[in-house]
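Notes follow once the structure below has been shown.
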Amino acid sequence: MGRAAAFLYGVIAYLIFFVTFLYAIGFVGNLWVPKSIDSGGGEFSIGSLVIDAVLLSIFALQHSVMARPWFKRGWTKLVPQPIERSTYVLLASLCLILLFWQWRPMTGVIWSVTSGTGRPILWALFWLGWLTVLASTFMIDHFELFGLRQVLGYLRGAPSEPLRFATPMLYRLVRHPIYLGFLFAFWATPTMTQGHLLFAVATTGYVLVAIQFEEHDLISFFGDAYRKYREHTPMLLPFTKR
């Protein structure tokens, strides 16, 4: 693939991701978007449960398997290295778009907070979660994480720089602030429906499993530096380790 074509591909993949990310906020929060997690109504059924679980599994498998080093080694024999990350981001976005499109709402209410203080607190936690996710990506390298730095470097003919181990800002409090932000965003809702609960439980389970795979890869890559970091920094709950 030519340099200019690779750069254009990376930019398009990033823009699709960013629109998908914004839609995800509306989808989970039942805000603004044409179809959200509870829109249109729908009662609990085994069929809806299975469809939603399959949609969540598709995203989880793509997001986790394609991130593993063993997969990347084989994948980059087919996909050029400069656009490998952009392709990963694009496919993750497409899996989310499929989930948004085919999601089956189950709107039976599990809990509903109606108090004057409870609802604003939960909405504040919801927005804090999404802000934490986005801010945490910039604390490491947002454009590296989503493939733009790679295609820009390829366009300029600049060699890729090796990854450096760093623990900026929120990463000094917890090892996975991005996942922590998602957990806040998915669980903080004034009205928890059956479908939303399935989404929150499934994504929480995915987070806990994905962290184990990610940390195994990080230890393999950074060695003792990451082992020491893991010993002294909590995984998700701040201030739970000395």
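Keep in mind it's a predicted model, so treat the numbers as computed, not measured. Hydrogens, waters and symmetry mates are skipped; everything else that's a heavy atom, side chains included, is used.
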To check you understand the geometry: which heavy-atom pair defines the closest contact between [X] and [Y], and what is its length?
X	Y	answer
L134	F138	O-CD1, 3.3 Å
I110	L197	CG1-CD2, 4.1 Å
R227	D224	NH1-OD1, 2.8 Å

Next item on the list: Could you label the plane-to-plane angle of the F143 and Y14 rings as parallel, tilted or perpendicular, counting under 30° as parallel and over 60° as perpendicular?
Entry: tilted
Next item on the list: Check for a donor-acceptor pair, side chain of S39 on one end and backbone N or O of S36 on the other, with a separation under 3.5 Å.
Entry: yes
Next item on the list: Without swapping roles, check the side chain of R104 against the backbone of L49 for a donor-acceptor pair under 3.5 Å.
Entry: no
For residues [X] and [Y], determine if any side-chain heavy atom of one lies less than 4.5 Å from a side-chain heavy atom of the other.
X	Y	value
L56	Y206	no
L218	R175	no
F186	T204	no
L173	L170	yes
K35	Q102	no

Notebook entry, point to check: For the residue pair Y229 and F165, is the inter-centroid distance of their aromatic rings smaller than 6.0 Å?
Noted result: yes
Check: Do F182 and H176 make the cut of ring centroids closer than 6.0 angstrom?
Finding: no
Flag yes if [X] and [Y] sit in one hydrophobic cluster, no otherwise; membership is Ile, Leu, Val, Met, Phe, Trp, Tyr, and two members link when side-chain heavy atoms are under 4.5 Å apart.
X	Y	answer
L122	L131	no
L8	V89	yes
F213	V65	no
V109	F126	no
L236	L125	yes

Next item on the list: Go through the structure and list residues passing side chain to side chain donor-acceptor pair (under 3.5 Å) with T107, not counting sequence neighbours.
Entry: none
Notebook entry, point to check: Do other residues, nucleotides or ligands put more than 12 heavy atoms under 6.0 Å from W101 CH2?
Noted result: no
Checklist line | Residue pairs, two or more places apart or on separate chains, that pass side-chain hydrogen bond (donor to acceptor under 3.5 Å, both in side chains) and touch residues 114-133 | finding: none
Check: Are side-chain N/O atoms of Y171 and S136 paired as donor and acceptor at under 3.5 Å?
Finding: no
